[in-house]
Amino acid sequence: MSVRVRFAPSPTGYLHIGSARTALFNYLYARNTGGKFLLRIEDTDLARSTEESTRSILDGLNWLGFAPDEEIVFQSDNAEKHRAAARRLLEEGKAYRDFTPKEAPTDANVKEAIKERARAQGADKNMRDNPYRHLSTDESDERAAAGDPFAIRLKVPTEGNTSFEDQVYGLQERDYADTEDLVLLRSDGHPLYNLAVVCDDIEMQITHVIRGQDHLTNTHKQILIYEALGVTPPTFAHLPLIMAPNKGKLSKRKHGEVVSMTTYRDAGFLPEAFRNYLALLGWSAGEEQEIYSLDELIQKFSLEGIHRSNAVFNFSQDDPRKWTDDKAQWMNAEYIRTMPLDKLLPHVKAELKANKLWREEYEPDGRALTATIPSTEAQVFEAGTEMADRPEAIAIEPLEIGTYDWYIRTVDLIRARFFTIKDFSSQGRAYFSEDFDFDPAAIAKNLTKFPDLKQWLPELADRFEAEFAQSSPPYEGGVDVALSGRGGSLPFNESNIETVVKAFTEEKGTKLGVIMNGARTLLTGVAVGPSMLSVFEITGLERTIMRLRSQLPWRL
RNA sequence: GGCGCGUUCGUCUAUCGGUUAGGACGCAAGAUUCUCAAUCUUGAAAGACGGGUUCGAUUCCCGUACGCGCUACCA
């Protein structure tokens with residue numbers, strides 16, 4: 001029989017990082033075995049389930065790229081079937097009506113109350129002491145007919161144990177005596193979780209249940225239901241939990257947005273990077289490789305590689321640079337810097353579009369690249385290729401600013417220092433627009449400290465104008481710069497720029513860094529970026545001249 | 001309280017009785033020098049504790065401690 005797995009979240013919030021990983025493992029297992037990956041929304045708790053949560057979970061799964069292979073099942077649609085199953089067990093004498101009045105709902109701290117009660121009962125608690133367990137069928141029917149409210153409980157056998165071979169935790173055994181006669185159907189007719197899960201998993205013909213370790217002990221109860229129903233239970237594999245830095249529970253209330261999948265989407269994470277990070281939380285292929293494509297993950301995934309101990313999702317709420325796990329951040333940056341450029345481009349496009357920085361000219365549109373681009377030349381290099389193994393940036397012919405060729409080369413150049421997709425529209429804004437901000441720290445460090453630059457940089461602009469051929473057409477998005485018309489004949493490329501800037505620096509009797517960093521601040525607005533020679537070239541002669549003449553930053 | 005599960009560098013992990021206990025992130029130092037949160041090099045950093053079994057235990061067994069889960073007419 002072919003493998004069928006399911007991811008079954010309850011829609012009581014957004015897609016939690018732990019749930020996302022559960023979904024990932026199910027997805028990987030399905031793909032690895034050629035099986036089906038199904039999705040079931042467990043919305044039986046009408047009080048807490050919301051449509052908005054369902055949407056948010058679907059959004060998260062969609063972002064991660066896990067589309068279910070069959071139609072989504074909503075557990076609430078199956079309530080009638082669950083009730084029928086409970087009724088059947090009742091008729092067969094495998095369950096009984098419990099007429100004990102329902103307890104008034106305890107306030108706020110349910111967990112604590114339950115624990116308290118359990119403590120009070122101690123070890124002596126007899127799980128089979130419910131008086132209604134032994135009520136005669138006639139009497140039970142009579143009271144039910146009379147309208148007495150009742151819950152239906154499973155009649156757990158007195159002697160024996162449940163056992164199953166967990167694919168992660170190994171053989172699990174539990175005496176029946178340790179399992180109470182669990183409620184299958186509430187007195188208001190609503191099926192309870194354990195019944196609903198079992199019925200749906202049977203209905204959906206699930207062969208492997210891969211879920212959080214918090215269900216490890218529930219599994220015994222569910223096996224009891226399977227047995228009562230006369231169905232062979234599926235294979236189980238429980239996953240270690242993902243914990244907060246203090247090894248406590250990771251929750252929205254305490255930890256906020258770090259646990260939500262949408263946060264990562266909105267923060268400029270790449271789904272492929274986050275998936276890769278998630279895969280390594282509690283699973284390992286037993287080797288030293290860390291960067292895996294989806295295909296590799298699918299190929300290498302196995303239940304044997306899953307860990308037994310919980311993993312900590314490491315972050316620091318009071319350090320903005322470590323707002324989320326630093327390995328996740330590193331992984332994202334690694335992907336941005338090293339993934340095949342054609343895979344990165346759609347993400348960059350979306351980001352630029354969202355910030356009104358996109359130009360239709362950047363769209364490939366079937367046209368071939370005419371310029372040689374460092375990493376597109378070796379287009380297929382795999383994510384994870386060492387930076388050192390990548391081809392060095394090579395000089396290119398002057399590019400028309402704003403063209404497809406220019407765009408590709410620019411993205412390739414600036415991605416080397418970026419961490420998230422957001423950086424393309426923030427840090428990298430100056431490459432795509434004249435309207436960019438200046439980082440005060442950059443101004444202080446690179447301009448204000450060297451007052452001479454106020455004259456020198458416009459002078460450098462004059463020098464550029466005099467030395468270089470106006471070989472690229474005016475940048476359309478820019479202001480019309482009045483050029484002297486006596487432009488030189490040199491192409492505006494890295495080696496020529498270097499010669500000119502070095503000569504200029506010597507004339508001024510200053511250090512190269514002073515000029516370069518001053519120019520960097522004027523051209524890009526930030527203190528960090530690629531080699532200035534590349535920046536000059538990619539910015540283009542026209543824009544370079546214009547920005548070097550700008551006095552605006554000096555007034556900020 | 002009961003039952004269950006777990007415990008290798010700060011974090012994610014490798015090791016399936018014999019290793020200088022490996023890698024990654026992060027951290028530190030150095031290099032590069034036109035910047036850097038990039039890149040390169042180097043470094044510090046771990047088997048919870050106590051007993052067994054064994055020629056030999058991180059690895060197997062027992063106990064203790066600690067953590068986590070379940071213990072609900074929640075999921």
Side-chain angles (χ1 to χ4, degrees), chain A residues 8-10 12 42-45 47-49 98 100 102-103 105-106 110-111 113-125 149-153 166 169 172-175 178-180 182-188 190 192-194 196-197 212-218 220-221 238 240-241 243 245 247-249 277 280-284 286-291 307-315 321-322 325-331 333 337 386-388 416-419 442 445-446 501 505 511-521 526-533 535:
Chain A
S10 56
T12 53
E42 308 216 316
D43 54 351
T44 50
D45 184 355
R48 287 193 296 157
S49 300
D98 180 0
T100 311
K102 187 184 176 192
E103 270 182 59
T106 35
V110 198
K111 275 273 197 241
I114 288 161
K115 217 175 157 188
E116 209 42 62
R117 190 202 303 168
R119 223 192 312 277
Q121 287 168 174
D124 310 326
K125 165 77 173 164
F150 59 85
I152 295 182
R153 306 189 93 110
D166 190 273
Y169 290 93
Q172 301 293 310
E173 288 181 292
R174 187 177 205 195
D175 282 344
D178 291 324
T179 304
E180 65 167 347
L182 58 142
V183 173
L184 302 175
L185 215 58
R186 296 206 304 216
S187 50
D188 64 4
H190 275 106
L192 245 44
Y193 172 75
N194 284 307
V197 166
Q213 191 232 55
D214 46 341
H215 290 295
L216 192 60
T217 35
N218 278 331
H220 292 284
K221 297 181 190 171
H238 287 88
L241 270 18
M243 315 304 281
K247 299 193 196 299
K249 208 179 177 111
Y277 167 74
L280 264 22
L281 258 191
W283 173 83
S284 143
E287 58 189 10
E288 290 187 349
Q289 185 177 341
E290 306 240 43
I291 304 285
H307 252 232
R308 275 165 291 276
S309 51
N310 294 342
V312 168
F313 186 62
N314 205 12
F315 59 92
R321 276 187 56 186
K322 302 213 169 158
D325 193 287
D326 42 31
K327 191 148 184 176
Q329 297 199 58
W330 166 79
M331 182 95 52
R337 291 166 194 157
E386 288 300 316
M387 288 298 284
R417 265 156 251 252
F418 284 173
F419 289 77
K445 184 182 166 203
N446 297 331
V501 174
T505 304
K511 282 190 286 195
L512 188 63
V514 174
I515 299 295
M516 289 299 202
N517 289 324
R520 179 188 301 286
T521 305
V526 292
V528 178
S531 147
M532 263 321 281
L533 297 174
V535 175

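So that the names make sense, note that chain A is the first sequence line, chain B the second, and so on, each numbered from 1. Every heavy atom of this structure was used, including side-chain atoms; hydrogens, water molecules and symmetry mates were not.
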Margin query: Once rounded to the nearest 0.5 Å, what's the spacing between atom OH of Tyr277(A) and atom NZ of Lys327(A)?
Written below: 8.5 Å
Notebook entry, point to check: Do you know which of Asn310(A), Leu241(A), Val312(A) makes side-chain contact (heavy atoms from CB on, under 4.5 Å) with Lys247(A)?
Noted result: Val312(A)
Margin query: Output one letter per nucleotide in nucleotides 64-75 of chain B: B when a protein non-hydrogen atom lies under 4.0 Å from the base, S when only the sugar-phosphate is that close, - when neither is.
Written below: ----SBSBBBBB
Next item on the list: Can you tell me, in whole Å, how much space there is between the P of rG23(B) and that of rG43(B)?
Entry: 10 Å
Check: Taking protein heavy atoms under 4.0 Å as touching, what does nucleotides 23-31 of chain B look like 5' to 3' if B marks base contact, S marks sugar-phosphate-only contact and - marks none?
Finding: BBSS-----
Checklist line | C1' gap between rU64(B) and rG6(B), integer Å | finding: 15 Å
Checklist line | Spacing between Leu512(A) atom CG and rC34(B) atom P, to the nearest angstrom | finding: 5 Å
Next item on the list: If rC70(B) has a Watson-Crick or G-U wobble mate with both distances under 3.5 Å, name it; if not, just say none.
Entry: rG2(B)
Check: rC25(B) pairs with which nucleotide, Watson-Crick or G-U wobble, both distances below 3.5 Å?
Finding: rG10(B)
Notebook entry, point to check: Is there a Watson-Crick or G-U wobble partner for rU32(B) with both distances under 3.5 Å, and which nucleotide is it?
Noted result: none
Next item on the list: When you get a sec, tell me which of rC34(B), rG4(B), rU13(B) is the closest nucleotide to the side chain of Ser531(A)?
Entry: rC34(B)
Item checked: Separation of atom CG in Asn314(A) from atom C1' in rC12(B), rounded to whole Å -> 9 Å
Note to self: Return the pairing partner of rU59(B) with a 3.5 Å limit on both distances, Watson-Crick or G-U wobble; otherwise return none.
What the structure shows: none
Item checked: Residue whose closest nucleotide on RNA chain B lies nearer the 5' end, Pro245(A) versus Lys445(A) -> Pro245(A)
Next item on the list: Measure the distance from CG on Leu281(A) to P on rC12(B) and round it to the nearest whole Å.
Entry: 8 Å
Next item on the list: Could you check if a side-chain atom of Leu184(A) sits within less than 4.5 angstrom of a side-chain atom of Arg153(A), using non-hydrogen atoms only?
Entry: no
Next item on the list: Using the C1' atom on both, measure rC9(B) against rG26(B) and round to a whole Å.
Entry: 12 Å
Item checked: C1' spacing across the pair rC25(B) / rC68(B), given as an integer number of angstrom -> 24 Å
Next item on the list: Rounded to whole angstrom, note down the P distance from rU53(B) over to rA28(B).
Entry: 47 Å
Item checked: Spacing between Arg337(A) atom CZ and rA37(B) atom P, to the nearest angstrom -> 11 Å
Next item on the list: Determine the contact category for Ala527(A): base if any of its heavy atoms lies under 4.0 Å from a base atom, sugar-phosphate if only primed atoms, P, OP1 or OP2 are that close, otherwise nothing.
Entry: base
Check: So, do Leu182(A) and Asn194(A) sit near enough that their side-chain heavy atoms are less than 4.5 Å apart?
Finding: yes
Next item on the list: Could you state the atom-to-atom distance from NZ of Lys511(A) to P of rU35(B) in whole Å?
Entry: 10 Å
Notebook entry, point to check: Can you tell me how far the CE atom of Met532(A) sits from the CG atom of Leu512(A), to the nearest 0.5 Å?
Noted result: 10.5 Å
Margin query: Using atom P in both nucleotides, what's the gap between rU15(B) and rU7(B) to the nearest angstrom?
Written below: 13 Å
Next item on the list: Rounded to the nearest angstrom, tell me the gap between atom CD1 in Ile515(A) and atom P in rU33(B).
Entry: 19 Å
Notebook entry, point to check: Do Asp98(A) and Ile152(A) touch side chain to side chain, with heavy atoms closer than 4.5 Å?
Noted result: no
Next item on the list: May I have the distance from Tyr169(A) (atom OH) to rG4(B) (atom P), rounded to whole angstrom?
Entry: 16 Å
Notebook entry, point to check: What does rA37(B) pair with, Watson-Crick or G-U, if both distances are under 3.5 Å?
Noted result: none
Checklist line | Spatial distance of atom CE (Met243(A)) from atom CZ (Phe313(A)) [nearest 0.5 Å] | finding: 13.5 Å
Margin query: For rC16(B), give the paired nucleotide (Watson-Crick: N1-N3 plus N6-O4 or O6-N4; G-U: N1-O2 and O6-N3; both under 3.5 Å), or none.
Written below: none
Note to self: Quick check: do Leu185(A) and His190(A) have side-chain heavy atoms less than 4.5 Å from each other?
What the structure shows: no
Checklist line | Nucleotide opposite rA44(B) in a Watson-Crick or G-U pair, distances under 3.5 Å | finding: none
Check: Distance between the P atoms of rU71(B) and rU13(B), in whole angstroms?
Finding: 26 Å
Check: Hey, does Gln289(A) reach any base, or is it just sugar-phosphate, or nothing, if we go heavy atoms under 4.0 Å?
Finding: nothing
Next item on the list: Give a yes or no on whether the ring-centroid distance for Tyr193(A) and His215(A) is below 6.0 angstrom.
Entry: yes
Note to self: Which residue in the set Thr505(A), Thr521(A), Leu533(A) passes side-chain contact (heavy atoms from CB on, under 4.5 Å) when paired with Met516(A)?
What the structure shows: Leu533(A)
Next item on the list: Would you mind classifying the nucleic acid contact of Arg520(A) as base, sugar-phosphate or nothing, using non-hydrogen atoms under 4.0 angstrom?
Entry: base
Checklist line | For Met331(A) against Glu290(A), the heavy-atom pair lying closest together | finding: CE-O, 4.2 Å
Margin query: Is any side-chain heavy atom of Tyr169(A) closer than 4.5 Å to one of Pro240(A)?
Written below: yes
Next item on the list: Would you indicate what Gly282(A) reaches in the nucleic acid, counting non-hydrogen atoms under 4.0 angstrom: base, sugar-phosphate, or nothing?
Entry: sugar-phosphate
Note to self: Let me spell it out: for each of Gly513(A) and Ser309(A), pick the nucleotide of RNA chain B with the closest heavy atom. Which residue's pick is nearer the 5' end?
What the structure shows: Ser309(A)
Notebook entry, point to check: C1' atom, rU59(B) versus rG47(B): distance in rounded Å?
Noted result: 10 Å
